[in-house]
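We name chains A, B, ... by the order of the sequence lines, and we start the count at 1 in each one.
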Amino acid sequence: MNGLSLRSSFRKKLLSAFLAVGIIPLLVCVFLILNVFRLTLARSAAANAESQLSAMTGGFAELMTACGEVLEDLSGQREVGMALSEGAERDTRIYNALYSTAAPLLRNAEFSLYDGAGELLYTTGSGTGGEALPVNWGLLAAARKQEGVVYRAVSPYDADTRSKMQLARAIPGEEGVAGYAVAELGEAHFARLLEGKYAADSDVLVLDPYWDQVYTTPGIQEEGLARRLRSSLLEGGRLSEVETDKSYTLLREEQSGFTVVLRQPQPLAEWVIRLFYLAAGVSLLLCLVLCLIVSMRFSRQLFQPIRSLNSAMAAVEKGDLDARVEVPGTDEISQLSGRFNRMTQRLKTNLDDSIRQQQELGDAQIRMMQAQLNPHFLYNTLDTLKWLGKIHQVPQVATISADLADILRSSISSEEFVGLREELEMLERYVEIQRIRFPGKFEYEAQVEQGLLDALVPKLMLQPLVENAIIHGFEDGSHGRIRVSARCCGEELILTVEDDGCGMSRESMERFLAREEPTSRHFGIYNVDAILRLHYGPERGLAFLTPEGGKGTCIRVILPISRREEEEKL
Amino acid sequence: MKKRSLAFLCTLFFLLSSCGETIPETGYPAPGEEERLVVYTSHKEGVYGPIIKEFEERTGIWVEVVTGGTNELLERIAGERDDPNCDVMFGGGVESLQMYEEQFEPYAGSEADLLKPGLRPEGDRWMPFSSLPVVLIYNTRLVSPGELTGWADLLEERWQGKIAFADPAVSGSSYTAAITMLLCLEGDLWENLARFQENLGGNVIEDSGDVVTAVDTGSCLVGVTLEETALKRRSQGAKIAIVYPAEGTSDLPDGTALVAGARHRENAVAFLEFVQSADVQAMVVSDFARRSVRCDVADWDTMPSEEEIGIIDYDVAWASGIKEEFLERWSVAGEGGKP
C-alpha cells in the first residue's frame, strides 16, 4: 500500500518531468521551424514578386511614356492638324509623318489619326478607314475635355475592336479640335511587353484604374477574376482570400493609373504544411512513448532499493534487529543502505550489553537473599547451643555459638554499609570460630590507622576474603598468618587482606580476571568483587598484588572514604 | 511558478504566430466612402456596363453593381430601409417603381424641363431613363404586311392560339401591354379581356424575352412586345416586322430612382444627372435601340415619332390600382379557357 503510493507518485513526477523536458522544446522547435520556413518562403516570394512586378510596371510605364511622347509629337505637327481639319484625301505625307514619328514603337503599339468627327483616317494598324469612334463618349470625349494624353481600357462591350487599351491626345486645329492621335495596345502588344518578365508559374493581370480587366496572360483561364478581385477590394477583404492557393501582389503605374497584378501560387502549398504537421505529430508521439519508457525504467531503478530499505526499516520498527539490506552498488541509495546496516548492528550490540548487565545484577541479589535465608531460626538455635555449652561445661561450643549468633545478627540487619569498626568486630568473631575449628593453624592480625574505624564499608566484605585465605591459603595443612590492614591515602581508604599461604592457582586467577562464572571454589571473592563493582563502578573491583616475601595472596580494595554522618547527609 | 511558465509559453506562441503572418499586399488602399456608389440594377449588362464604366471614368467614383430582377431588388431596398445599402435603383418599369415610391427620395434632375412631355412623374420619385412603346410584331414569312394593323385584330378568330403574349402575372411589361390594349379597344374593359384571353387559347409565354423567339420561329404568328426588344432582335436577324397599333399605344418609360437615406447621396445624384444627360441619352438611342426621354436627343430616323404613333394617356396610378382585380380575372379566365 505504502509502496504503491510511493511508486505511483514517483512515476507521476518523473513522467511529467520527462514529458515537460521532452515535449515542450520539441513543440517550440516545430513551431519555430514552421514559421521560420514560412516566413523565409514568404519573404523570398515577396521579394521575387516585387522584382517581377517592378520590371513589368517599369516596362509598362516606359511604354506609356514613349507612346505619350509620340502622341504629343503628332499633335504638335502642324501639317497633321491641317490635314485632319481639312478631312482631305489620304495623304502619303501624313502617313510618312505618322510612321516616322511612331517608328521606334511600331512593334509595341498601333498609332492612328482620327478627324474631329471621330472618323479614322490614318493608321499604322490593319484598319482600312471607315471605322469611327464616338466623340462625345469614351476615349475621344475624354481626350477633348482634357489637356494631354488620356488612358482608357477598351470597353469589353465594344465587340468590334481587338485592342485592349487606348491612349488619345486631341490635336488642336484652328477652331477647337482638329482631330485625335490615338495609340492602341492589343493582346499581342501586351504579351510582347510582359514576355519573360514573370515566372512560369505566375500569371499577370492588367487592371484599369477602376479595376476592370484590361489584359490577362493565358494562364488565367477563369472568367471574372478581375471582378472578384475588385469586389474583394471594395469589401475591404484580402486579395489572397479570393483564391486560397494563390497570392496576389500588385503595383500601380502612376501615369496611366493602371495596375499590374501578379498572381503567384502560395509559397507553402497546403500539402507541404499538412506533411509537416504529420511529421511533427509522429515525432511528438515518438517522444511521448520514449518519455514513458524512460521514466518507468528510471522510477523502477530508483524505487527498488528504496522499497527494500523501507521494508527493512519496518522490520526494525517491529523489533527485528537482524534485518539487513542488500547493498548493490556505490550510489547514494547504496550508501544509505550500508549506513542503515551498520546502525542496526550497533543497536543490537548495545541492547545485548544492557541485557547481560541486568542479568548479572539479578544473580548477585539472588545469592545475597539466599544467604539471608531464615536467619532468626538459626540465631535462636545458636543461642540454645550457647547455653547448652555453658550448662555442659563445653566453653568452645558456647563461644562458637555466641560468635555465630553475632555474625548472623549482623547479616540479618538490612543495612548495606557498616562502619569499619563493626566490620572488623564481625571479622574477629569469624576468626574466633575458625581458631576453634583449626587450632594453631593461623595467626590473625588487624592493623587499622586511627580515624578510619568509623569509615563505611560494604557489609561482610572482609569476611569472604579472610575465609578465602583460611580455607584455600592453608588447605595444604601449612601454618601461616593473616593480616588485615586499613590505611588512608588521601581521600581513599585502602584495605588489604594478605596471607602467606599457598596462594591462588594460576588457573583460578585467570578465570577470576576474565570475570568468568565462578566455580564452587572462590565463590566468596567473586561475590565481593561483584558487590564492589556494582557499588563503586567497574574499576573498583578486587586487585591482586604480589604479597611480601612472594608467598601467599594479597588482595587490595580501594574505596572512597565516606562516614556515617556523610552518608546520612547524603 | 507554473502559471508564469505558461504565460511565457503563451507569449512565445503569440510572438511566433505573429511573425508568421504573410507579408502585406503592396498596392494602394481601397477607395474611401466618398468615392463610392452602390447601384442596384435590373438592366442587362450590355446596358448598364458601358454607362457605369463611363461614369467611373468621368467622375472617379467606384461603382458597386448589384444585379437582379426588378421586384427582387425593390423588395431588397424595402428590406434595407433602416440601413440602406443601395444608393440608386437603376432600371425597372415605372409601374414597379411607383409601387415602392416611399423607398425613394424625390429628385427631378437639373434638366427636367428638357424631358419629353408626359414623362416627368408627379412627385419626382423617379427619373425616366428611356421610353418603351408597346408594339405588335409578326413573322414576315408567315404573315403578309397589312394583315396586322392594330389591337382589334388580336381579338379576331384567325389568330386564335397563334398570339405570343407573356404572362402579365409574371412580367410587368406584359401587364402594361395588356392594360394598353384594353385602354385602346372600344367596349367594356373586362369583356375585351375575356375575349382576348379566349383568343390566346391558353397559350401564354412565361418569359417576356421569349415572345420574339416564339414569333421568329413561327410557333406563333403575331406577338406583343416592347419596341426596344423588337428592334434589337430584328437587327440581330429575327424574321419579324413591327406594327405600331392604329389605335395608338403607351410609351411607359423605365426609370432611375434615388434611394431615401442613401449613404452616398452626393454620388447618387451625380449618377442620376449622368444617366439623364444628353451623352447617355444619345447612347441609349444609338447603342440600345431605345427612345430617348429628352427632347434634344434625336431618335432614329426610322422610328415613327410619338405623334405618329399616337401615344395614349396611361395613368400609372390607376393601372396599379386595378392590377389585383385584373390578375384575379386573368387567372379565373385562364383556368376556364384551358380545356
[X] and [Y]: which non-hydrogen atoms are nearest, and at how many Å?
{"X": "Leu234(A)", "Y": "Glu64(B)", "answer": "CD1-CG, 3.1 Å"}
{"X": "Arg58(B)", "Y": "Ala141(A)", "answer": "NH2-CB, 4.2 Å"}
{"X": "Asp279(B)", "Y": "Lys145(A)", "answer": "OD2-NZ, 4.3 Å"}
{"X": "Glu57(B)", "Y": "Asp208(A)", "answer": "OE2-OD2, 3.9 Å"}
{"X": "Asp212(A)", "Y": "Lys53(B)", "answer": "OD2-NZ, 2.6 Å"}

Should the heavy atoms of other residues, nucleotides or ligands under 6.0 Å from [atom1] of [X] be counted, would the total exceed 12?
{"X": "Glu266(B)", "atom1": "CD", "answer": "no"}
{"X": "Phe37(A)", "atom1": "CZ", "answer": "no"}
{"X": "Glu147(A)", "atom1": "CD", "answer": "no"}

Would you mind writing out the side-chain donor-acceptor pairs for residues 40-50 of chain B within the sub-3.5 Å range, not counting sequence neighbours?
from: Tyr40(B); atom 1: OH; to: Glu80(B); atom 2: OE1; distance (Å): 3.1
from: Tyr40(B); atom 1: OH; to: Glu80(B); atom 2: OE2; distance (Å): 3.2
from: Tyr40(B); atom 1: OH; to: Asn85(B); atom 2: ND2; distance (Å): 3.0
from: Thr41(B); atom 1: OG1; to: His43(B); atom 2: N; distance (Å): 3.0
from: Thr41(B); atom 1: OG1; to: Phe90(B); atom 2: O; distance (Å): 2.9
from: Ser42(B); atom 1: OG; to: Thr70(B); atom 2: OG1; distance (Å): 3.2
from: Ser42(B); atom 1: OG; to: Gly92(B); atom 2: N; distance (Å): 3.3
from: Glu45(B); atom 1: OE2; to: Tyr157(A); atom 2: OH; distance (Å): 3.2
from: Glu45(B); atom 1: OE2; to: Arg227(A); atom 2: NH2; distance (Å): 3.4

Practice task
If the plane angle is over 60° it's perpendicular, under 30° parallel, otherwise tilted; pick one for Trp62(B) and Tyr210(A).
Solution key: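 Rings of Trp62(B) and Tyr210(A): perpendicular, as their planes differ by over 60°.
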